[in-house]
Undergrad: 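Take a look at this one; I'll ask things after.
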Amino acid sequence: MRFPLRWRLLLLTVLAPAVLALGTFWYLSGSVTRQVRQDIDDSLTRAALMFEKQLSERVDALAVTGRVIARDPRFFSAVALPGGARSAGARTTMAGVAKDFQQLTHADVFEVLDHDGRVMASVGGVSTSAEGRAKLIASVRPGEEATGLLIESGSHYQVAWIPVRVDGSRAGSLLIGLQIGPSLANDLHLLTRSEVTFVASGACTGSSLPDGPDRQALIASLNGGPAKSAAGRAGAPGAAQWVTLARPLPGSVAGDGQWFVLQRSLAAETEFLRHAQQGLLALALVAVAIAALIGGLTAEGITRPLIQLVRGAEAMERGNYEVPIDSGSGDEIGYLGTRFTEMREHERNYIGKLESVTRLKSRFISVAFHELGTPLTIIKGWNDLFVEGMLGVLTPDQQKAVNGTRESIEHMMQMTENAERLAEIEGGLELFRDEHQLALVVEEAVTLALRDAPGRGLTIERHIDATLGPANVDGQQLMQAVANLVRNAIRFTPDGGRVDVRAFADRAEFVIEVEDDGDGIAPELQQELFSGAYVQVDAMHHHSSKTLEYGSAGLGIGLAIARGIVEKHEGKIVVESAPGAGSTFSIRIPRLTVVRLPATPGAGTAAGAAPTAAAA
């Protein structure tokens with residue numbers, strides 16, 4: 001299938017800019033998206049490190065504050081009162097002193113314990129449990145300081161455990177701490193531009209997120225196993241898309257389920273990216289549209305004059321030299337159109353001269369051979385009188401000479417008829433169409449050709465479809481065309497060879513084939529077969545004969561005559577041949593109006609029956 005030039009130009013002029021624009025959009029969009037995601041991850045990681053550092057500094061500050069308080073004489077003197085937590089007076093005194101120090105520290109947890117671990121005073125907002133304190137000091141050697149996390153009533157507390165010493169001996173302990181909860185989450189939210197959530201054993205202890213599907217989705221994902229960083233977490237219906245970073249709270253025990261979570265809204269963080277992608281896509285589409293417009297104009301500007309040239313060339317083949325050609329543009333295509341117009345005019349003049357010469361030649365040949373026919377007829381008449389003995393008895397030598405003269409005269413008269421026929425075809429052959437049984441026409445043509453091949457040792461076989469029926473043709477002319485093809489096959493097939501003549505019909509055409517196993521024809525010579533000037537012999541060793549001797553040649557116009565007759569029937573002749581492999585000539589004539597007549601007995605061999613054969 002031929003791909004039109006216009007579409008190829010459009011493809012070339014549009015595809016490259018389109019691929020470049022869309023490729024640029026894809027590359028930039030992908031690169032920016034990856035960079036934005038990386039920036040979000042890096043920002044969350046920095047925020048987490050900053051928060052961890054803040055917690056570390058806060059617990060260090062708690063420890064320093066606790067040491068300062070524990071070393072205050074007023075404080076440790078109260079701790080060292082006799083009776084400890086068992087003495088009501090000691091508890092009252094300790095509560096007053098502790099309250100004074102708690103007002104200075106604003107600690108959420110402020111508890112004083114005696115040397116037996118009993119609570120003497122708890123003045124903070126939260127009172128701790130013995131179990132919670134036990135977990136804190138379980139890994140601490142007696143008398144040493146400790147810092148860590150304390151979980152009470154579903155809340156996190158960052159605490160410092162400070163021993164209180166009097167005269168070098170431990171008199172008790174101070175537990176001071178600050179809550180890790182909603183207030184810290186909101187402060188960190190403002191500092192890091194992230195949503196902050198604290199989780200203890202699957203329960204939220206504080207969050208900057210409102211209580212809703214987003215918080216529920218986060219808790220559900222942590223209960224299923226936290227990921228270091230993930231986007232678009234699935235959770236409760238209506239949950240938003242987040243980029244999330246979950247890490248264990250500093251000071252927590254591994255596997256204890258104590259987390260702090262930082263989140264960024266994926267939609268908010270990538271909003272500018274979506275706008276950038278939309279802008280890039282719009283630019284890419286505009287570039288493609290501009291490329292398509294320019295490509296279409298370019299393709300139209302190139303192909304329109306070329307199409308005119310093609311149509312002008314096609315019209316020239318039909319003999320029409322008047323198709324307009326636009327050569328107004330000053331570029332190379334306009335120059336081509338101008339040169340084509342000039343060339344067409346030159347060719348029209350040249351063809352006109354050739355046609356005049358051809359008509360003159362045909363008229364000359366027709367007149368010359370007609371004039372030649374008159375003396376030949378007279379000579380043939382006198383020769384016949386000599387042959388018949390009407391002018392006296394001839395000696396054997398005279399009889400031989402007269403017979404030779406007669407053969408030469410007949411050969412010259414046959415050449416004259418062929419030349420006149422070719423001239424008639426070139427000048428415009430008139431057909432006399434009628435319904436003829438095509439099988440009979442082919443049979444008579446083979447018989448006519450065999451008359452010129454006496455003594456040839458060839459096998460001539462006919463394969464004629466008996467159901468071929470009548471065809472609307474000029475019977476005499478078509479018979480001459482078929483006979484010329486058979487003569488040509490006999491002439492160039494050596495003795496012992498074979499010639500097959502086939503006739504059949506398909507849906508649209510009558511087909512007559514003449515196949516031989518003779519010399520064959522070279523591919524470069526097959527185009528010249530029907531020109532009227534082709535002779536398949538060496539001109540320097542020309543051997544002419546009025547019979548069809550192997551390798552002999554006449555004027556070389558038999559095939560040209562056959563072609564002219566067939567083309568007048570609106571048909572064509574095709575040849576398939578190779579040197580040394582024989583040749584097959586095929587006549588194909590359209591099936592015009594046909595009148596079906598009763599089949600004539602003996603018209604040919606029925607389809608599928610054994611073919612008839614004749615020896616030449």
Side-chain angles (χ1 to χ4, degrees), residues 55-56 58-181 200-201 203 205 249-258:
L55 289 184
S56 177
R58 192 168 78 154
V59 77
D60 289 343
L62 280 174
V64 171
T65 301
R67 293 190 202 105
V68 171
I69 295 174
R71 294 172 184 174
D72 190 286
R74 183 183 168 197
F75 181 81
F76 67 73
S77 296
V79 175
L81 288 173
R86 290 191 299 271
S87 171
R91 291 198 305 270
T92 302
T93 302
M94 188 72 257
V97 173
K99 186 175 292 185
D100 292 338
F101 282 101
Q102 194 275 340
Q103 290 176 352
L104 294 175
T105 62
H106 302 288
D108 296 311
V109 176
F110 198 102
E111 292 183 337
V112 183
L113 294 86
D114 63 11
H115 65 280
D116 292 327
R118 297 186 295 267
V119 178
M120 295 181 64
S122 179
V123 295
V126 175
S127 297
T128 65
S129 63
E131 182 182 1
R133 294 192 300 272
K135 289 182 179 180
L136 175 65
I137 64 177
S139 59
V140 181
R141 288 185 296 180
E144 292 186 353
E145 295 182 1
T147 59
L149 290 178
L150 195 64
I151 303 175
E152 291 291 345
S153 303
S155 298
H156 283 110
Y157 295 91
Q158 195 174 22
V159 299
W161 175 271
I162 307 297
V164 181
R165 299 181 183 276
V166 178
D167 295 333
S169 299
R170 188 173 70 86
S173 301
L174 171 63
L175 183 64
I176 184 171
L178 296 174
Q179 185 182 18
I180 301 176
S201 302
T205 61
L249 272 169
S252 64
V253 179
D256 199 22
Q258 313 302 314

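The first residue in the sequence is number 1, and the count goes up from there.
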Undergrad: Please lay out, stage by stage, how Y157 and L149 fare under the test side-chain contact (heavy atoms from CB on, under 4.5 Å).
TA: CA-CA 6 Å; Y157 295 91; L149 290 178; over 6 Å; no
Undergrad: List the atom pairs, with distances to 0.1 Å, where a side-chain N or O of residues 170-180 and a protein N or O form a donor-acceptor pair under 3.5 Å, not counting sequence neighbours.
TA:
from: R170; atom 1: NH1; to: S173; atom 2: OG; distance (Å): 3.3
from: R170; atom 1: NH2; to: H115; atom 2: O; distance (Å): 3.3

Undergrad: Can you list every pair that meets side-chain hydrogen bond (donor to acceptor under 3.5 Å, both in side chains) and has a residue in residues 58-70, with sequence neighbours left out?
TA: R58-Q158, R67-E145
Undergrad: Can you name the nearest heavy-atom pair linking A95 to V123, along with the distance?
TA: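 In terms of heavy atoms, the two residues are closest at O-CG1, 3.9 Å.
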Undergrad: Restricting to non-hydrogen atoms, name the atom on W161 and the atom on P163 that form the minimum distance, rounded to 0.1 Å.
TA: O-CD, 3.9 Å
Undergrad: Are T128 and L150 close enough, and set up right, to give a side-chain contact (heavy atoms from CB on, under 4.5 Å), and what steps lead you there?
TA: CA-CA 8 Å; T128 65; L150 195 64; 3.3 Å; yes
Undergrad: Run the side-chain contact (heavy atoms from CB on, under 4.5 Å) test against S129 and tell me which residues pass, sequence neighbours left out.
TA: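 Result, side-chain contact (heavy atoms from CB on, under 4.5 Å) vs S129: E131, E152.
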Undergrad: Where do D114 and A85 come nearest, in terms of heavy atoms and distance?
TA: OD2-N, 3.2 Å
Undergrad: Could you list the residues that satisfy salt bridge (Lys or Arg N to Asp or Glu O under 4.0 Å) with R133, not counting sequence neighbours?
TA: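 Only E111 meet the salt bridge (Lys or Arg N to Asp or Glu O under 4.0 Å) criterion with R133.
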Undergrad: Passes side-chain contact (heavy atoms from CB on, under 4.5 Å), L249 versus H156? Steps please.
TA: CA-CA 10 Å; L249 272 169; H156 283 110; 3.6 Å; yes
Undergrad: Taking only residues two or more places apart in sequence or in another chain, which ones pass side chain to side chain donor-acceptor pair (under 3.5 Å) with S127?
TA: S122
Undergrad: What side-chain donor-acceptor pairs closer than 3.5 Å can you find for residues 68-78, not counting sequence neighbours?
TA:
from: D72; atom 1: OD1; to: R74; atom 2: N; distance (Å): 3.0
from: R74; atom 1: NH2; to: D100; atom 2: OD2; distance (Å): 2.5
from: S77; atom 1: OG; to: P73; atom 2: O; distance (Å): 2.5

Undergrad: Is there any salt bridge (Lys or Arg N to Asp or Glu O under 4.0 Å) pair reaching into residues 153-167, and which pairs are they, with sequence neighbours excluded?
TA: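 Salt bridge (Lys or Arg N to Asp or Glu O under 4.0 Å) check on residues 153-167 returns no pairs.
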Undergrad: Who passes salt bridge (Lys or Arg N to Asp or Glu O under 4.0 Å) against D116, sequence neighbours left out?
TA: R86, R118
Undergrad: Run the side-chain contact (heavy atoms from CB on, under 4.5 Å) check on T93 and L81 step by step: do they pass?
TA: CA-CA 9 Å; T93 302; L81 288 173; 3.7 Å; yes
Undergrad: I need the minimum non-hydrogen distance between S87 and P82, along with the two atoms involved.
TA: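 Taking every non-hydrogen atom into account, CB-O, 3.7 Å.
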